[in-house]
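Protein chains get the first letters and strands the later ones, always in sequence-line order, with residue 1 at the start of each.
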Amino acid sequence: MNMIDIENLSFTYGGKVEALKNVSLCVKKGEWVTILGHNGSGKSTLAKLIVGLLKPQKGTIRVDGVELSERTVHDIRKKVGIVFQNPDNQFVGVTVRDDIAFGLENLRIPREEMIERIEHYAKRVDMYSYLNKEPQALSGGQKQRVAIAGILAMRTEVIIFDEATSMLDPDGRKRILSYMRKLRDDGVTVVTITHDMREAVQSDRIVVLKDGEILKADKSEDVLKDKETLEKSNLELLLPLEVLHGLEHKKSTNEEIKEFLWQLSLNG
Amino acid sequence: MAIKFERVSFQYRGIDEKGYLALADINLSIAAKGEFITLIGETGSGKSTLAQHMNALLTPTEGRVHVFGVKLTSDKKKNRRQRLNPIRQRVGLVFQFPEYQLFEETVLKDIIFGPKNFGVGQDEAVERAKKMIKVVGLDESYLERSPFNLSGGEKKRVSIAGILAMEPEILILDEPTSGLDPMGRNALLEVFHNIHEQLGKTVVIITHDMNTVYEYAKRVLVLREGALVYDGDPSGLFSRKHVEDWNLELPEILRIQRALEERFGIKLDKSPRSRKELIEALGEVVG
């Protein structure tokens with residue numbers, strides 16, 4: 001069963017810049033898919049189209065079988081949550097508590113349950129002790145965690161992370177990756193949009209975009225090793241795989257070392 | 001020394017209580033030429049605050065900062081009597097989100113804004129724009145485009161070109177590569193490397209990327225809760241003790257090198273600093 005079905009999607013900014021050209025892809029229920037690509041490859045445009053922040057000019061998007069249109073966009077947003085790159089641009093509440101509550105109020109969740117969910121998800125992202133704090137008191141990584149708690153609390157079936165880790169320090173990035181893993185374990189459909197291979201390595205499938213077109217879509221293992229495809233889209237192999245690639249032609253390199261490098265790359 | 005910090009502390013004043021100590025008792029010297037420094041530390045450790053002292057956008061609440069002969073202290077009146085404009089031209093600071101500061105209708109106008117503001121004539125400023133747009137890896141056709149239709153990475157490059165066009169002696173960049181794709185990041189780091197190597201300029205980069213630190217820096221500054229806890233070369237930084245105490249992420253090259261050493265006893269004679277060097281060095285031992 002597909003959670004997201006995209007067919008022949010095209011989008012052009014201002015009638016000039018073609019951001020997406022005839023893109024078709026699907027994401028299965030409970031699957032974790034990475035959309036990889038260079039800056040300007042159309043990744044974020046794709047994310048904005050899926051949540052109805054941009055209007056498709058050609059092609060269709062279906063979420064859980066429902067075609068996205070002006071009529072259905074509000075229902076679809078109840079199913080698809082999105083976390084953006086810049087934590088400063090998505091903090092809408094006066095306090096952490098208000099911020100997490102925002103989405104729930106829109107869903108008209110009863111007050112009792114709302115309080116319960118806010119506290120539960122604040123704990124999940126280790127921000128419980130900050131519930132009454134204002135955004136100025138938080139670091140970028142902490143704000144990003146609050147944004148994620150707000151999305152988690154809405155219990156959407158799909159969560160899109162649009163370069164959500166790219167502005168965080170290593171500690172912040174690792175935390176968000178751990179939330180993504182937990183979501184997958186909980187059966188939530190996850191779409192990560194990134195050019196960070198350490199984020200991509202954990203997903204089930206990778207779609208590589210270049211200049212608005214799909215270059216390759218395959219199991220993560222196969223894409224991760226594909227130096228040629230990755231480099232075409234301004235990406236690079238994870239270093240252990242680059243080493244593996246560099247040593248490949250040496251016959252004497254033992255299999256154990258090769259396997260070890262592969263495992264090392266999976267650990268991000 | 002072009003920049004010198006003497007016992008510098010800086011306290012942000014809140015409306016409410018006592019404020020927040022962002023820098024604590026910093027002593028530091030930076031030469032006008034030939035340095036390639038990376039400044040690291042967790043979010044909130046004071047990196048940006050420190051950088052903004054280097055061109056007098058902020059002035060200390062305790063201690064003294066000397067920038068190209070101008071002394072800045074907590075005495076705001078005295079600070080104001082000095083000519084700070086030349087400092088801001090000589091020490092170019094690229095903010096963390098420079099792309100938000102583009103505002104002109106064309107890229108050209110944006111790039112020449114800075115130099116013209118510092119008294120450079122129109123023709124000369126345009127010449128510089130043509131040169132610098134190439135230095136940051138874009139071609140001249142970009143000059144006529146609107147900055148608002150560029151991708152994030154392109155905007156970043158345009159704003160860096162704008163600072164370079166001011167021909168600063170020292171270039172400070174606050175997380176210049178965050179959000180860029182790997183090739184874009186590498187290309188931009190090469191730009192900074194070339195500015196440093198060919199023009200001998202001092203470059204200071206604030207970053208979270210330990211690979212950048214390990215591959216490019218000659219000197220690393222580590223801030224923790226406003227205090228300067230390390231000022232030295234990158235090879236000394238990643239000792240096991242520092243990595244643990246300061247919660248540092250290992251550069252990928254070191255991570256692989258150490259993992260292979262632990263697991264297979266593979267020891268390298270050299271200390272590779274780039275992907276290519278690592279593969280070559282391993283090829284000699286393993287192959």
S.K.: So does A:Arg198 pair up with B:Glu252, basic N to acidic O under 4.0 Å?
M.R.: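 Salt bridge: no.
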S.K.: At their closest point, which heavy atom of B:Thr43 faces which heavy atom of A:Ser139, and how far apart are they?
M.R.: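 Heavy-atom minimum between the residues: CG2-CB, 3.6 Å.
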S.K.: Between A:Tyr13 and chain B, which part of the residue has a heavy atom less than 4.5 Å away: side chain, backbone, both or neither?
M.R.: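 Contact with chain B involves no heavy atom of A:Tyr13 at all.
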S.K.: Tell me if the CD atom of A:Gln57 is crowded by more than 12 foreign heavy atoms within 6.0 Å.
M.R.: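 Above 12, so yes.
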S.K.: Quick one: does A:Gln263's side chain get under 4.5 Å of B:Arg263's, heavy atoms only?
M.R.: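 No. Closest side-chain heavy atoms not under 4.5 Å.
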S.K.: With only heavy atoms counted, which part of B:Leu260 is less than 4.5 Å from chain A, the side chain, the backbone, both or neither?
M.R.: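 Contact with chain A involves both backbone and side-chain atoms of B:Leu260.
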S.K.: Could you tell me which portion of A:Asp196 (side chain, backbone, both or neither) has an atom closer than 4.5 angstrom to a non-hydrogen atom of chain B?
M.R.: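 The answer is neither part of A:Asp196.
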S.K.: Only one of A:His195, A:Glu231, A:His38 passes side chain to side chain contact (heavy atoms under 4.5 Å, CB included) with B:Met183; say which it is.
M.R.: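 Going through A:His195, A:Glu231, A:His38 one by one, the side chain to side chain contact (heavy atoms under 4.5 Å, CB included) with B:Met183 is satisfied by A:Glu231 alone.
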S.K.: Is B:Ile40 in contact with chain A via its backbone, its side chain, both, or neither, using a 4.5 Å heavy-atom distance?
M.R.: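 Interface part for B:Ile40: neither.
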S.K.: Working to the nearest 0.5 angstrom, can you tell me the gap between B:Thr207 OG1 and A:Asp169 CG?
M.R.: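 If we round to the nearest 0.5 Å, B:Thr207:OG1 and A:Asp169:CG are 11.0 Å apart.
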S.K.: If you tally heavy-atom pairs under 4.5 Å against chain B, which of A:Pro170, A:Gly40, A:Gly14 wins?
M.R.: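 So the answer, after comparing A:Pro170, A:Gly40, A:Gly14, is A:Pro170.
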S.K.: Quick one: CD1 on B:Ile266 to CD1 on A:Ile257, what's the gap to the nearest 0.5 Å?
M.R.: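 Those atoms lie 4.0 Å apart.
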S.K.: Please report the shortest heavy-atom distance between B:Ile256 and A:Pro240, naming the atom on each side.
M.R.: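 Closest pair (atom of B:Ile256, atom of A:Pro240, distance): CD1-N, 3.4 Å.
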S.K.: Answer with side chain, backbone, both or neither: which region of A:Glu256 has an atom nearer than 4.5 Å to a non-hydrogen atom of chain B?
M.R.: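 Both parts, heavy atoms under 4.5 Å.
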S.K.: Can you tell me if B:Glu190 has over 12 outside heavy atoms packed within less than 6.0 Å of its CD?
M.R.: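 Yes, the 6.0 Å shell around CD holds more than 12 heavy atoms from other groups.
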S.K.: Checking B:Leu278 against chain A: side chain, backbone, both or neither under 4.5 Å from a heavy atom?
M.R.: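 Side chain of B:Leu278 only, per the 4.5 Å heavy-atom cut-off to chain A.
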S.K.: Quick one: which of B:Met210, B:His208, B:Lys276 has the most heavy-atom pairs under 4.5 Å with chain A, could you say?
M.R.: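 Most heavy-atom pairs within the cutoff with chain A belong to B:His208.
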S.K.: Name the option with the most non-hydrogen atom pairs under 4.5 Å to chain A; the candidates are B:Leu180, B:Asn186, B:Asn149, B:Leu150.
M.R.: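 Between B:Leu180, B:Asn186, B:Asn149, B:Leu150, the count favours B:Leu180.
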S.K.: Evaluate the side-chain proximity of B:Lys156 to A:Asn39: yes if any heavy-atom separation is below 4.5 Å, no if none is.
M.R.: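 Side chain of A:Asn39 against side chain of B:Lys156, heavy atoms only: no contact under 4.5 Å found.
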S.K.: Tell me whether the count of non-hydrogen atoms from other residues, nucleotides or ligands lying under 6.0 Å of NZ in A:Lys219 goes above 12.
M.R.: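 Counting other residues, nucleotides and ligands, NZ of A:Lys219 stays at 12 neighbours or fewer.
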S.K.: Let me know if A:Leu230 has heavy atoms under 4.5 Å from chain B in its side chain, its backbone, both or neither.
M.R.: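 Looking at A:Leu230, nothing touches chain B.
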S.K.: Less than 4.5 Å apart, side chain to side chain, heavy atoms only: is that true for B:Arg275 and A:Glu236?
M.R.: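 In short, these two side chains touch, coming nearer than 4.5 Å.
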S.K.: Quick one: what part of A:Gln85 sits under 4.5 Å from any heavy atom of chain B, side chain, backbone, both or neither?
M.R.: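 Side chain of A:Gln85 only, per the 4.5 Å heavy-atom cut-off to chain B.
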S.K.: So what's closer than 4.5 Å to chain A heavy atoms on B:Asp209: side chain, backbone, both or neither?
M.R.: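 Neither part; nothing is under 4.5 Å.
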S.K.: Above 12 or not: heavy atoms from other molecules or residues under 6.0 Å from NZ of A:Lys174?
M.R.: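 Count over threshold, so yes.
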S.K.: So for A:Glu242, is it side chain, backbone, both, or neither that comes closer than 4.5 Å to the heavy atoms of chain B?
M.R.: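 It is both, since atoms from each part get that close.
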S.K.: Going by heavy atoms in the side chains, are A:Leu264 and B:Arg255 under 4.5 Å from each other?
M.R.: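 Yes - at least one pair of side-chain heavy atoms lies under 4.5 Å apart.
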S.K.: Assess whether atom OH of A:Tyr130 is packed by more than 12 heavy atoms of other residues, nucleotides or ligands within 6.0 Å.
M.R.: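 Incorrect, the count does not exceed 12.
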S.K.: B:Ser178 and A:Ser166: which non-hydrogen atoms are nearest, and at how many Å?
M.R.: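 Looks like CB-O, 4.0 Å.
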